[in-house]
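Read through the structure below, which is laid out as structure tokens, and then see the notes.
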Amino acid sequence: MDQSHLPSLCEAYRDYFYIGAAVNEKTIRTHDELIRGQFNSITAENSMKFESLQPAEGVYDFTLGDELVRYAGERGLRMRGHTMVWHNQTPDWVYKKDGAPASRALLLARMEEHIKTVAEHFTNPYAWDVVNEAVDDREGGYLRSSEWHDLIGDDFIEKAFLFAGKYVKNGAKLFYNDYNESVPDKCRKICRLVRELKETAPIGGLGLQGHYNPYTMPMDEVKRSMEAYAELGVTIHITELDVPAFDRENNTLMGEPTAEMRRIQEEYYEQLFALYRDYREVIECVTLWGVADDATWLSTWPVSGRENEPLLFDRAHQPKPALERILRF
Ligand code: GLA
């Protein structure tokens with residue numbers, strides 16, 4: 001389908017921030033026209049995660065990651081690197097030695113080796129998500145229990161940033177990235193973590209995933225959290241934005257979103273982008289977690305087969321009313 005008549009989202013926001021999309025080896029083909037017309041930054045949806053890059057110890061597979069790097073190069077797109085240290089999509093061997101839990105020293109050595117190899121291989125990203133989702137969602141907790149955390153200790157995050165600082169050579173900013181970032185208690189903990197890291201490690205950015213639930217996350221809280229993050233003195237990226245049409249907490253509703261649901265989603269998008277524009281001094285990039293509604297993780301989560309239609313282009317790759325709203329400013 002010819003999309004050349006569409007106004008370009010990234011052009012419209014040229015004076016504000018980069019507009020990114022998560023892509024994969026399929027969507028760079030099926031959604032190429034939208035990607036190159038509408039976006040100027042990409043993130044690998046999966047192919048730069050630990051399990052994709054180093055499925056077995058010392059066995060690296062850069063094939064899919066390289067394909068995206070090549071694509072970004074051909075299309076003149078910037079690229080975010082995602083993600084070096086995370087508790088998901090990391091193979092089990094990483095945490096084990098002869099069937100028993102790895103020691104702190106061994107896990108740190110593996111972390112360093114992985115970060116070094118990946119940073120030396122992929123030299124194009126302008127930003128790297130060094131650590132993903134280390135903060136606890138539960139009130140009262142601080143850092144989440146995970147193998148990285150429990151086997152190394154609280155300083156696993158600092159270590160990851162120190163390794164990334166040592167091996168990332170092209171000046172890319174190093175990010176901490178997390179979700180539920182507008183929940184007040186979690187926001188406080190993320191701010192605490194960033195402040196602590198700034199004392200000892202080369203953190204340059206904070207990634208706010210932006211997987212919002214418009215039914216449970218009041219815009220006032222989103223605003224308050226942005227105010228707090230803007231004071232941290234690091235660059236902000238919105239890294240995984242999507243706004244589902246359905247309430248994530250209500251898994252009984254199925255079928256097509258109603259007109260009312262679509263209206264709520266559109267207003268939410270409009271308010272979000274107005275907020276992001278207000279914070280243009282600190283926000284460098286806003287990345288959507290996908291290109292169009294026919295390829296999104298929210299078709300299988302939280303319930304399979306429910307089309308949440310969370311993006312700005314529909315399943316036929318046509319612009320949605322939400323897009324029109326955020327282009328009007
Ligand atoms: C997290 C990760 C992303 C992606 C999403 C959902 O937010 O950071 O890479 O896996 O979950 O798919």
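Counting from 1, the numbers follow the sequence of the chain as shown. Both ligands and their constituent atoms are indexed starting at 1 by order of listing.
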* **Passing candidate, side-chain contact (heavy atoms from CB on, under 4.5 Å) with M79, options V23, T43, L68** => L68

* Asked: Taking ILVMFWY side chains as joined if any heavy atoms are under 4.5 angstrom apart, and letting links pass through other members, which residues group with Y126?
  -> Y18

* Asked: So F17 and F273, would you call those rings parallel, tilted or perpendicular, with 30° and 60° as cut-offs?
  -> tilted

* Asked: In terms of ring plane angle, is the pair F50 and W148 parallel, tilted or perpendicular, where the classes change at 30° and 60°?
  -> tilted

* Structure fact -> The closest protein heavy-atom partner of atom 7 (O) of ligand 1 is E240 OE1, 2.5 Å

* Can you pull out the closest protein heavy atom to atom 9 (O) of ligand 1? Residue, atom name and distance to 0.1 Å, please. => H82 NE2, 2.6 Å

Under 3.5 Å between some N or O of ligand 1 and some N or O of [X]?
| X | result |
| --- | --- |
| N132 | yes |
| W297 | no |
| Q209 | yes |

* To do: Report, as yes or no, whether the 6.0 Å neighbourhood of atom CD on E281 holds more than 12 heavy atoms from other residues, nucleotides or ligands.
  => no

* Answer yes or no for W86: is there a heavy-atom contact with ligand 1 below 4.0 Å? => yes

* Side chain, backbone, both or neither: which part of W289 comes within less than 4.0 Å of ligand 1 when only heavy atoms are counted? -> side chain

* Structure fact -> Under 4.0 Å between heavy atoms, the region of Y179 that gets near ligand 1 turns out to be neither

* **Min side-chain heavy-atom separation I203-Y176 under 4.5 Å** => yes

* **Qualifying residue for ring-ring contact (aromatic ring centres under 6.0 Å, His included) with Y13, from Y276, F329, F39** => F329

* To do: Any atoms of ligand 1 less than 4.0 Å from a non-hydrogen atom of Q89? List them with their elements.
  => 10 (O)

* Asked: Which ligand 1 atoms, with their elements, are less than 4.0 angstrom from a heavy-atom of K49?
  -> 3 (C), 4 (C), 9 (O), 10 (O)

